Q: 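One structure coming up, written as structure tokens, with questions to follow.
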Number of protein chains: 2
Amino acid sequence: MYRIGELAALYDIKADTLRFYEKHGLLSPSSRSDSGYRLYNQDDSERLKFILRAKAVGFSLNDIADLLSIEVDKSNRACAEVKGLVDTKLEQVEAKLAELQHFATSLKSLSNTCCGGPDSAEHCSILEALESSDQHIIAKKEHHHFSHSGHKD
Amino acid sequence: MYRIGELAALYDIKADTLRFYEKHGLLSPSSRSDSGYRLYNQDDSERLKFILRAKAVGFSLNDIADLLSIEVDKSNRACAEVKGLVDTKLEQVEAKLAELQHFATSLKSLSNTCCGGPDSAEHCSILEALESSDQHIIAKKEHHHFSHSGHKD
DNA sequence: ATAAACCTTAGAGTTTAATCCAAGGTCAAG
DNA sequence: CTTGACCTTGGATTAAACTCTAAGGTTTAT
């Protein structure tokens with residue numbers, strides 16, 4: 001059995017984080033000491049490991065709650081459900097990736113056209129591009145056709 | 001002169017967004033009507049265009065405040081300052097890009113090893129990978145050596 | 001003159017994932 | 001029996017960029 005600080009140290013996270021996960025239904029200690037201290041057993045520890053791995057591949061805590069609900073009832077759940085969560089997340093990650101790649105391309109163009117010297121920014125090509133939206137420097141955002149949410153406009 | 005709703009419609013944003021930008025010092029209307037309505041002129045509109053373009057290349061509103069403070073005092077500011085902001089942002093974007101690419105790689109591996117069928121998830125390879133952290137499926141996060149902040153661990 | 005569409009304000013809510021705080025209880029060592 | 005390290009709780013705070021609400025004032029058209 002681990003107390004909260006011990007389990008936290010084991011995974012290099014804060015005790016606060018464990019309390020946070022508990023509040024959000026991800027991980028509750030299997031028991032409490034007489035004085036009310038949280039006591040985590042090996043299963044709790046495994047569950048935490050699962051959570052941290054899922055985080056490491058990009059799942060949000062909400063996603064992880066869904067994954068855990070399947071994990072604890074595996075035999076009555078379908079592979080397709082699990083794969084669906086992974087594929088949905090992959091789409092989200094790839095959408096974000098595309099946006100950031102667009103940012104990176106634009107920023108590189110901006111950086112390359114600027115002298116970067118100590119002289120006045122009066123004719124700075126970066127500022128001019130932001131004033132005039134030079135097509136050569138700031139790429140236009142593509143409009144994607146997939147409509148299935150994800151946006152907040 | 002535009003009223004808030006008119007300017008918002010012009011750039012396909014919400015009036016709320018303009019009030020938000022004002023509260024955060026990015027854009028204030030150059031005047032008010034007798035009854036207190038915000039009135040934006042052409043310069044205000046240009047400034048808004050600048051803000052939206054900067055957003056489109058990945059700058060946060062805080063970054064944009066910095067950019068604007070240089071823009072309005074161009075002749076006393078150096079090109080190097082502007083380029084510095086761009087290069088810093090580029091580094092941040094590339095760091096995030098690396099993280100998301102790592103996520104995408106792992107998620108693709110997970111997806112590829114799973115049958116995705118309607119049968120029980122009891123032996124689902126995705127869940128197994130999250131339970132055991134299969135080295136072949138979940139890539140390990142590299143430890144970058146650049147120390148200049150940016151993380152939240 | 002009244003309804004619809006627009007505007008005003010302050011302030012609360014959203015999302016994500018913690019992190020921090022205060023006031024107090026517990027436990028082991030000396 | 002006291003010190004220090006640990007634990008408890010509820011609630012506030014952070015960052016980012018809005019978005020919404022409530023309660024009310026203004027403008028325009030019929």
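Sequence lines set the chain letters: A, B, ... in the order given, protein chains first and strands last, and positions in each chain run from 1. As the structure is a computational prediction, the values presented were derived from the model and not from experiment.
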Q: OP1, OP2 of C:dT8 versus side-chain N and O of B:Ser35: anything below 4.0 Å?
A: no
Q: Could A:Asp16 and A:Arg19 be called an ion pair, given the rule that one side-chain N must be under 4.0 Å from one carboxylate O?
A: yes
Q: Determine the contact category for B:Arg19: base if any of its heavy atoms lies under 4.0 Å from a base atom, sugar-phosphate if only primed atoms, P, OP1 or OP2 are that close, otherwise nothing.
A: base
Q: Taking atom CG of A:Leu85 and atom CD1 of A:Ile70, what is their separation to the nearest 0.5 Å?
A: 5.0 Å
Q: Given C:dT9, C:dA17, D:dA17, which nucleotide is nearest the side-chain atoms of B:Ser60?
A: D:dA17
Q: Please determine whether a side-chain nitrogen or oxygen atom of A:Arg38 lies at a distance below 4.0 Å from atom OP1 or OP2 of D:dT8.
A: yes
Q: The side chain of B:Tyr37 is closest to which nucleotide in this list: C:dA17, C:dT9, D:dT27?
A: D:dT27
Q: How many Å lie between CZ on B:Arg32 and P on C:dT8, as a whole number?
A: 6 Å
Q: Rounded to the nearest 0.5 Å, how far does CD of B:Glu131 lie from OG of B:Ser125?
A: 11.0 Å
Q: Give, for atom CD of B:Glu94 and atom CD of B:Gln101, the distance between the pair rounded to the nearest 0.5 Å.
A: 9.5 Å
Q: Measure NZ/B:Lys14 against C1'/C:dC7 and give the value in whole Å, please.
A: 17 Å
Q: If I take atom CD in residue A:Glu6 and atom P in nucleotide D:dA5, what distance separates them, rounded to the nearest angstrom?
A: 16 Å
Q: Under 3.5 Å, is there a donor-acceptor pair between the side chain of A:His102 and the main chain of A:Ala98?
A: no
Q: Counting side-chain heavy atoms from CB outward, which of C:dA17, C:dT16, D:dC18 is closest to A:Lys55?
A: C:dA17
Q: Select one nucleotide: of C:dT16, D:dC18, D:dC20, the one nearest the side-chain heavy atoms of A:Asn62.
A: C:dT16
Q: Consider side chain to side chain contact (heavy atoms under 4.5 Å, CB included). Of A:Arg53, A:Glu71, A:Lys49, which one does B:Leu130 pass it with?
A: A:Arg53
Q: Do the side-chain N and O atoms of A:Ser45 and A:Tyr11 include a donor-acceptor pair separated by under 3.5 angstrom?
A: yes
Q: Using a cut-off of 6.0 Å, state whether more than 12 heavy atoms not belonging to A:Asp73 lie near its atom CG.
A: yes
Q: For C:dA18 and A:Tyr21 - does any side-chain N or O of the residue sit under 4.0 Å from the phosphate oxygens OP1/OP2?
A: yes
Q: Between atom CG in A:Leu39 and atom P in C:dC27, what is the gap in whole Å?
A: 11 Å
Q: Looking at the side chain of B:Thr17, which of C:dT9, D:dA17, D:dT19 is the nearest nucleotide?
A: D:dT19
Q: Using whole Å, what does the distance between atom P of nucleotide D:dT19 and atom NE2 of B:His24 come to?
A: 13 Å
Q: To the nearest Å, how far apart are B:Arg3 CZ and D:dT27 C1'?
A: 7 Å
Q: For B:Asp34 and for B:Leu61, find the nucleotide of DNA chain D with the closest heavy atom, then tell me which residue's nucleotide is more 5'.
A: B:Leu61
Q: Between P on D:dA16 and CZ on B:Phe59, what's the gap in Å once rounded to a whole number?
A: 15 Å
Q: If you fit an axis to the five pairs at each end of the helix from C:dA1-D:dT30 to C:dG30-D:dC1, how big is the angle between those two axes, to 10 degrees?
A: 30°
Q: Distance check needed: D:dC6 P versus A:Leu18 CG, whole Å only.
A: 15 Å
